[in-house]
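Any value given below was found using the heavy atoms of this structure, including those in side chains, with hydrogens, waters and symmetry copies removed.
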Amino acid sequence: FGFAAYLVPASRSLLARWRAGQAFRRLGRSLDFLEAQSGSAESAAYSAALSGALRGYLAARVSSDALSLTPTELSALPDASFPAPATRDRAADLLSWSDGVRFGGAYADPAALRKAAGEARLIAAENEEALLARP
């Protein structure tokens, strides 16, 4: 009985860490693909994919509501919801830019698209670092 009492919580903890790592790796794979396509992709489709990948990561690692929140609603969440101090504002800014390209018809050249993917990668890396530093 004692072994099972130890094994169940330990396996849950291990599964939670694996899922967390999966979210970060999934975002990384998506961003790798997007960066490779930045020269030939249509900017609206690229920003839609970037937005979806970042929102999926935020939903898995920060708040499950991230998939349905607008950038303004995301920036209105309390600071305590995000492990890294600037994650909320930087993610909201990037998603707002993405919405401008997707829905507002703003032009984004391949360099701007690559920069946006790099920013998403940096946001996620800083978020993961802050999550790992938590006790």
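When all heavy atoms are compared, the tightest approach of S98 to A48 is OG-N, 4.4 Å. Here the shortest heavy-atom pairing between A117 and L50 reads CA-CD1, 4.0 Å. The two residues A59 and L67 come nearest to each other via the heavy atoms CB-CG, 3.7 Å. Residues G118 and E35 come closest through the heavy atom pair N-OE2, 3.8 Å. The two residues A53 and S30 have their closest heavy-atom pair at CB-CB, 3.9 Å. Closest non-hydrogen pair, V101 versus A108, comes out as CG2-CB, 4.1 Å.
Remark: R121 engages D32 in a salt bridge, criterion side-chain N to carboxylate O under 4.0 Å.
S51 pairs by the side-chain hydrogen bond (donor to acceptor under 3.5 Å, both in side chains) definition with R55, not counting sequence neighbours.
Between L77 and L69 there is a side-chain heavy-atom pair separated by less than 4.5 Å. With contacts defined as side-chain heavy-atom distances shorter than 4.5 Å, the pair R90/L122 qualifies. A 4.5 Å side-chain heavy-atom check between I123 and Y57 finds every atom pair outside the cut-off. With contacts defined as side-chain heavy-atom distances shorter than 4.5 Å, the pair D89/F82 does not qualify.
Within a 6.0 Å sphere centred on CD of E73, heavy atoms belonging to other residues, nucleotides or ligands number more than 12.
Among residue pairs with one or both ends in residues 102-116, those qualifying as side-chain hydrogen bond (donor to acceptor under 3.5 Å, both in side chains) are S38-R114; sequence neighbours excluded.
One distance of note links CG of D79 with OG1 of T87; it measures 10.0 Å at 0.5 Å rounding. Here the CG atom belonging to L131 is positioned 4.5 Å from the CZ atom belonging to R61, to the nearest 0.5 angstrom. Atoms CG and OG, from L74 and S96 in turn, are 10.5 Å apart once rounded to the nearest 0.5 Å.
Following chains of ILVMFWY side-chain contacts shorter than 4.5 Å, one can reach L31 starting from F24, so the two form part of one hydrophobic cluster.
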